[in-house]
K.L.:
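Got a structure here, written out as structure tokens. Questions coming.
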Amino acid sequence: MQLIIKFIIDMSQRVKIKAILSSEKTNYQATVKGWVRTFRNNQFIALNDGSTNNNLQVVVSEQDMDPAEFKRITRGAAISVTGEIIPSLGKGQKLEMKAASLEILGDCDAEAYPIQPQKQSLEFLREIAHLRFRTNTFGAVFRLRHSLAFAVHQFFNEKGFVYLHTPIITASDAEGAGEMFRVTTLDLEKLPRNIDGDIDFKEDFFGRSTNLTVSGQLEGELGAMAFGDIYTFGPTFRAENSNTARHLAEFWMIEPEMAFYDLKDNMDLAEEFIKYVIGYALQHNREDLEFLAQRLADEEKQKPQQERSEMGLIEKLEFVLNNQFERITYTEAIDILKNSKPNKNKKFQYIVEEWGTDLQSEHERYLVEKHFKKPVILTDYPAAIKSFYMKRNDDGKTVRAMDILFPGIGEIVGGSQREENYDKLVERMESMHVPVEELSWYLDTRRFGTAPHAGFGLGFERLVLFVSGMTNIRDVIPFPRTPKNAEF
RNA sequence: GGAUAAAUAGCUCAACGGCAGAGCAGCGCCCUGUUAAGGCGCAGGUUGAAAGUUCGAAUCUUUCUUUAUCCGCCA
């Protein structure tokens with residue numbers, strides 16, 4: 001607060017529009033710099049500088065200006081204005097700036113500028129992702145994204161976690177988390193071959209085959225075995241040909257890994273974490289959320305009655321904050337689904353019949369959106385459908401896995417307690433054809449002072465998707481990478 | 001990877017076998033305390049691409065491209 005006041009007093013400094021609008025103060029000189037959103041009535045400039053979704057109304061007088069200069073005040077132009085902040089003479093805003101001097105910093109050809117003061121489709125704006133930040137919707141989304149990222153670090157920092165940077169380039173392709181992108185400096189026109197005719201990766205940059213990471217978990221576990229609690233937060237790459245509104249080829253994942261945690265501790269942390277960052281956004285991004293809530297409400301009006309959601313965006317976020325996530329086992333979920341109406345009426349595309357099959361999206365959605373109507377943590381999945389590193393339960397059939405399912409998003413968190421017993425882990429790897437030799441460094445944690453531990457992965461964009469109320473994951477990352485798309 | 005749908009002016013859409021249109025944006029003029037300002041006028045098109053059916057195709061058929069939605073993979 002002190003900083004803001006200092007900026008206001010020092011009139012030679014540029015002041016952020018957010019600081020001006022959030023203060024009651026009037027009758028002082030200030031300089032603002034930003035981009036013209038609209039220019040109404042040859043008199044009123046709606047100026048936005050990205051600090052807030054709200055614009056500052058700048059009042060200019062045509063008579064006081066050089067006509068050539070005046071014509072350059074166009075939608076999209078970057079300008080610097082110095083003037084007095086006064087109580088607005090018109091309705092619709094409390095404050096406005098009476099311009100004393102105005103400088104065009106950067107012209108904007110209004111005819112060629114694709115951002116227009118009307119509803120533009122999200123698909124079109126996605127094609128001009130380099131300019132879409134300048135719209136209200138994307139301004140709100142990406143300020144929100146920033147806040148959520150900041151809250152992630154703050155949460156873990158407050159809890160004493162160490163932020164560990166796990167590698168982006170990795171030589172292990174044994175994690176089974178998905179198809180990988182190859183990293184190479186080999187000349188694709190002239191690939192070196194060994195005696196057997198295979199590609200000779202000894203000639204490659206790292207002297208071996210390398211890929212982009214699909215998960216920092218295995219390296220994260222190494223850190224947890226020293227620091228106790230660590231988290232990673234970095235880009236993750238999956239070369240899956242996934243064409244959905246909730247998959248990206250390049251996305252940001254948060255992966256905490258905690259020594260001495262069991263599955264319950266893991267769930268408790270995940271729930272506390274999600275609630276913390278949502279709470280942070282509610283507290284710090286009220287205006288952006290209110291704008292996004294309105295946008296969502298307008299969108300909902302277009303839908304048929306039964307498809308509309310019962311809660312508004314902010315209401316939905318507060319509901320998540322104030323209610324316990326439902327915790328049930330896979331086995332309980334199967335029972336609920338078996339006895340559910342859509343299963344009995346054969347409304348499900350995939351009818352739930354026996355224990356052991358993986359749940360389909362429609363089943364997850366039924367549990368979350370119809371049955372419990374809140375986030376659900378599913379635990380203790382059949383071992384056969386989960387990864388090699390998950391700890392086996394005493395029943396021999398299930399593993400200590402947990403997936404957190406969110407309405408509209410599906411799986412937002414996937415995690416587990418890890419198998420800390422060397423022999424059991426190796427046995428499991430062998431039966432799942434995971435190359436034991438290649439992961440000897442990972443197995444060393446189980447050889448030297450192994451300890452119970454657990455962790456999870458949270459898809460950051462899926463979190464932003466949920467909090468922003470957007471529906472396509474491509475609209476919550478600045479420059480989405482998806483199959484057949486790596487523009488910008 | 002599979003299924004379905006869509007593609008018309010810069011943008012958002014209409015025309016659904018018979019002359020391709022509106023709103024917004026742009027340009028010109030007018031108005032001047034506006035609120036995605038308003039008024040009058042002008043300009044803007046190889047209807048995603050290619051082929052076919054037809055007297056006639058934006059409209060029907062086929063192929064391709066791109067996009068969206070759903071499913072699969074998953075965070």
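Since the structure is predicted, the reported quantities are computational estimates derived from the model, not experimental observations. In what follows, chains carry the letters A, B, and so on, assigned in the order in which the sequence lines appear, proteins first and then strands, with residues in each chain numbered from 1.
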K.L.:
B:G28 phosphate, OP1 or OP2: any side-chain N/O from A:Lys71 under 4.0 angstrom?
P.N.:
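Looking at the OP1 and OP2 atoms of B:G28, one of them is under 4.0 Å from a side-chain N or O of A:Lys71.
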
K.L.:
Taking the side chain of A:Arg126 as heavy atoms from C-beta outward, which of B:C74, B:G33, B:A68 is closest to it?
P.N.:
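My answer, after comparing the listed nucleotides, is B:A68.
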
K.L.:
So does A:Ser242 reach the base of B:C74 with its side chain, donor to acceptor, closer than 3.5 Å?
P.N.:
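In this structure, the two groups form no donor-acceptor pair.
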
K.L.:
Given the structure, check if the side chain of A:Gln93 and the base of B:U34 hold any donor-acceptor pair shorter than 3.5 Å.
P.N.:
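A donor-acceptor contact between them is present.
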
K.L.:
Without decimals, in angstroms, what is the distance between A:Asn42 CG and B:G38 P?
P.N.:
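Distance, rounded to whole Å: 13 Å.
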
K.L.:
Using a 4.0 Å heavy-atom cut-off, does A:Glu362 contact any base of the nucleic acid, only the sugar-phosphate backbone, or nothing at all?
P.N.:
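Counting heavy atoms under 4.0 Å across all strands, no contact is made by A:Glu362.
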
K.L.:
Consider the side chain of A:Ile473, meaning its heavy atoms from C-beta on, and name the nucleotide among B:A75, B:G72, B:U69 that approaches it most closely.
P.N.:
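Between B:A75, B:G72, B:U69, the one nearest the side chain of A:Ile473 would be B:A75.
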
K.L.:
Please pick, from B:U66, B:A37, B:C74, the nucleotide with the shortest atom-to-atom distance to any side-chain atom of A:Arg462.
P.N.:
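Nearest listed nucleotide: B:C74.
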
K.L.:
Sort out the partner of B:U69 for me: Watson-Crick or G-U wobble, both distances under 3.5 Å, none otherwise.
P.N.:
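Base partner found: B:A3.
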
K.L.:
For B:U46, which nucleotide is its Watson-Crick or G-U wobble mate, given both distances must be under 3.5 Å?
P.N.:
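Partner of B:U46: none found under 3.5 Å.
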
K.L.:
Is B:U12 paired to anything, Watson-Crick or G-U wobble with both distances less than 3.5 Å, and if yes, which nucleotide?
P.N.:
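B:U12 is paired, partner B:A22.
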
K.L.:
Check every strand shown and say whether A:Leu248 touches a base, only sugar-phosphate, or nothing at a heavy-atom separation below 4.0 Å.
P.N.:
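A:Leu248: base contact, heavy atoms under 4.0 Å.
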
K.L.:
With stacking defined as ring centroids separated by under 5.5 Å and planes differing by under 30°, is A:Phe44 stacked against B:G33?
P.N.:
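The base of B:G33 is not stacked with A:Phe44 (the test needs centres under 5.5 Å and planes under 30°).
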
K.L.:
Determine, step by step, whether A:Glu461 and A:Arg145 satisfy the salt bridge (Lys or Arg N to Asp or Glu O under 4.0 Å) criterion, reporting the C-alpha distance in whole Å, the side-chain angles of both residues, the deciding distance to 0.1 Å, and the verdict.
P.N.:
CA-CA 8 Å; A:Glu461 283 76 16; A:Arg145 184 184 165 108; 3.0 Å; yes

K.L.:
Between A:Tyr389 and A:Gln217, do the side chains contain an N or O donor and an N or O acceptor separated by less than 3.5 Å?
P.N.:
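Yes, A:Gln217 and A:Tyr389 have a side-chain donor paired with an acceptor closer than 3.5 Å.
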
K.L.:
Pick the P atom in B:C64 and in B:A57, then give their distance to the nearest Å.
P.N.:
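Pairwise P distance, B:C64 against B:A57, rounds to 24 Å.
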
K.L.:
For A:Phe155, run the ring-ring contact (aromatic ring centres under 6.0 Å, His included) check against A:Tyr280, A:Phe273, A:Phe233 and tell me which one passes.
P.N.:
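When A:Tyr280, A:Phe273, A:Phe233 are each tested with A:Phe155, the ring-ring contact (aromatic ring centres under 6.0 Å, His included) holds only for A:Phe273.
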
K.L.:
Using the rule given for side-chain contact (heavy atoms from CB on, under 4.5 Å), can you reason through A:Glu257 versus A:Thr232, listing the C-alpha separation, both sets of side-chain angles and the distance that settles it, and then say yes or no?
P.N.:
CA-CA 9 Å; A:Glu257 193 70 36; A:Thr232 74; over 6 Å; no

K.L.:
Answer yes or no for A:Arg132 and A:Phe138: cation-pi contact, defined as NZ/CZ to six-membered ring centre under 6.0 Å and angle to ring axis within 45°.
P.N.:
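The answer is yes, since A:Arg132 meets both limits relative to A:Phe138.
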
K.L.:
To the nearest Å, give me how far apart CD1 (A:Ile254) and C1' (B:C74) are.
P.N.:
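Those two atoms, CD1 and C1', are 16 Å apart.
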
K.L.:
When the aromatic ring centroids of A:Tyr261 and A:Phe161 are compared, is their separation below 6.0 Å?
P.N.:
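Between A:Tyr261 and A:Phe161, the centre distance exceeds or equals 6.0 Å.
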
K.L.:
I'd like the C1' distance from B:A25 over to B:A36, given in whole Å.
P.N.:
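B:A36 and B:A25 have their C1' atoms separated by 11 Å.
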
K.L.:
Could you work out the separation of B:A9 and B:A14 based on their P atoms and round it to a whole Å?
P.N.:
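12 Å, rounded to whole Å.
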
K.L.:
Once you round it to whole Å, what is the distance between P of B:U65 and CG of A:Asn485?
P.N.:
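Taking CG of A:Asn485 and P of B:U65, I get 16 Å after rounding.
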
K.L.:
I'd like to know if A:Glu287 pairs up with A:Arg143 as an ion pair, taking the criterion as any Lys NZ or Arg NE/NH1/NH2 lying under 4.0 Å from an Asp or Glu carboxylate oxygen.
P.N.:
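Looking at A:Arg143 together with A:Glu287, the answer is no, because their closest N to O distance does not fall below 4.0 Å.
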
K.L.:
Can you tell which of B:C31, B:G1, B:U69 lies closest to the side chain of A:Asn472?
P.N.:
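Closest nucleotide to the A:Asn472 side chain: B:U69.
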
K.L.:
Mind calculating the distance between OH (A:Tyr231) and P (B:A75) to the nearest angstrom?
P.N.:
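So the two atoms are 21 Å apart, to the nearest Å.
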
K.L.:
Using salt bridge (Lys or Arg N to Asp or Glu O under 4.0 Å), reason through A:Lys386 and A:Asp403 one step at a time and then give a plain yes or no.
P.N.:
CA-CA 11 Å; A:Lys386 288 290 181 184; A:Asp403 284 359; 3.1 Å; yes

K.L.:
Say we look at B:A37 and B:C24: how far apart would their P atoms be, to the nearest angstrom?
P.N.:
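Nearest-Å result for B:A37 against B:C24 at atom P: 11 Å.
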
K.L.:
Strictly under 6.0 Å, is that where the ring centroids of A:His153 and A:Tyr231 end up?
P.N.:
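So the answer is yes for these two rings.
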
K.L.:
Taking the P atom of each, how far is B:A15 from B:C70, in whole Å?
P.N.:
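The answer is 26 Å between these two P atoms.
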
K.L.:
Can you tell me how far C1' of B:A75 sits from CD of A:Glu364, to the nearest Å?
P.N.:
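In whole Å, B:A75 C1' and A:Glu364 CD are 12 Å from each other.
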
K.L.:
Say you pick atom P in B:G41 and the same atom in B:A68; how far apart are they, in whole Å?
P.N.:
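Straight-line distance between the two P atoms is 40 Å.
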
K.L.:
Under 4.0 Å, heavy atoms only, any strand: does A:Asp403 hit a base, just the sugar-phosphate, or nothing?
P.N.:
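No contact at all - A:Asp403 keeps every heavy atom at 4.0 Å or more from the nucleic acid.
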
K.L.:
For A:Lys98, answer base if it contacts any base atom (sugar-phosphate contacts may also be present), sugar-phosphate if it contacts only those atoms, and nothing otherwise; contact means non-hydrogen atoms under 4.0 Å.
P.N.:
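Since no nucleic acid heavy atom lies under 4.0 Å of A:Lys98, the category is nothing.
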
K.L.:
Under a 3.5 Å cut-off for both distances, is B:U61 Watson-Crick or wobble paired, and to whom?
P.N.:
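WC or wobble partner is B:A51.
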
K.L.:
Measure from the side chain of A:Leu89, starting at C-beta and using heavy atoms only, and say which of B:G33, B:A68, B:C73 lies closest.
P.N.:
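So the nucleotide nearest the side chain must be B:G33.
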
K.L.:
Looking only at side-chain N and O atoms, does A:Arg40 come under 4.0 Å of OP1 or OP2 in B:U34?
P.N.:
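So the side chain of A:Arg40 is outside the cut-off, no N or O lying under 4.0 Å from OP1 or OP2 of B:U34.
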
K.L.:
On a whole-Å scale, what distance lies between the C1' atoms belonging to B:A7 and B:U59?
P.N.:
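14 Å, rounded to whole Å.
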
K.L.:
What's the shortest heavy-atom distance between A:Arg246 and A:Ile409, and which atoms?
P.N.:
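Looking at all heavy atoms of both residues, the shortest contact is CD-O, 3.2 Å.
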
K.L.:
Is there a donor and acceptor pair, one atom on the side chain of A:Glu96 and one on the base of B:G33, closer than 3.5 Å?
P.N.:
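Such a pair exists between side chain and base.
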
K.L.:
How would you label the contact of A:Thr38 with the nucleic acid (heavy atoms, under 4.0 Å): base, sugar-phosphate, or nothing?
P.N.:
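Touches sugar-phosphate only.
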
K.L.:
Hey, does A:Glu127 reach any base, or is it just sugar-phosphate, or nothing, if we go heavy atoms under 4.0 Å?
P.N.:
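If one applies the 4.0 Å heavy-atom cut-off, A:Glu127 turns out to touch nothing in the nucleic acid.
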
K.L.:
Please name the nucleotide paired to B:C27 by Watson-Crick or G-U wobble geometry with both distances under 3.5 Å, or report none.
P.N.:
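Here B:C27 is engaged in a pair, and the nucleotide opposite it is B:G41.
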
K.L.:
Roughly how many Å is it from CD in A:Glu411 to C1' in B:G72, rounded to a whole number?
P.N.:
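Distance check: A:Glu411 CD to B:G72 C1' gives 14 Å.
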
K.L.:
Is the number of heavy atoms from other residues, nucleotides or ligands under 6.0 Å of A:Lys373 NZ greater than 12?
P.N.:
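No, not enclosed.
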
K.L.:
Which nucleotides of nucleotides 9-15 of chain B have their base under 4.0 Å from a protein heavy atom (B), which only their sugar-phosphate (S), and which neither (-), written as one string 5' to 3'?
P.N.:
-BBS---

K.L.:
Which part of the nucleic acid does A:Arg246 contact within heavy-atom distance under 4.0 Å: base, sugar-phosphate only, or nothing?
P.N.:
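It contacts base atoms.
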
K.L.:
Are any of A:Thr244's side-chain N or O atoms less than 4.0 Å away from OP1 or OP2 of B:C73?
P.N.:
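Result: no.
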
K.L.:
Using the P atom as the reference point in each nucleotide, state the distance between B:U47 and B:C19 in Å, no decimals.
P.N.:
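It works out to 15 Å between them.
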
K.L.:
Rounded to whole Å, how long is the line connecting atom CG of A:Leu458 with atom P of B:A75?
P.N.:
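The distance from CG of A:Leu458 to P of B:A75 comes to 11 Å, rounded to the nearest Å.
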
K.L.:
Could you check how far CH2 of A:Trp252 sits from C1' of B:C74, rounded to whole Å?
P.N.:
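That distance rounds to 19 Å.
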
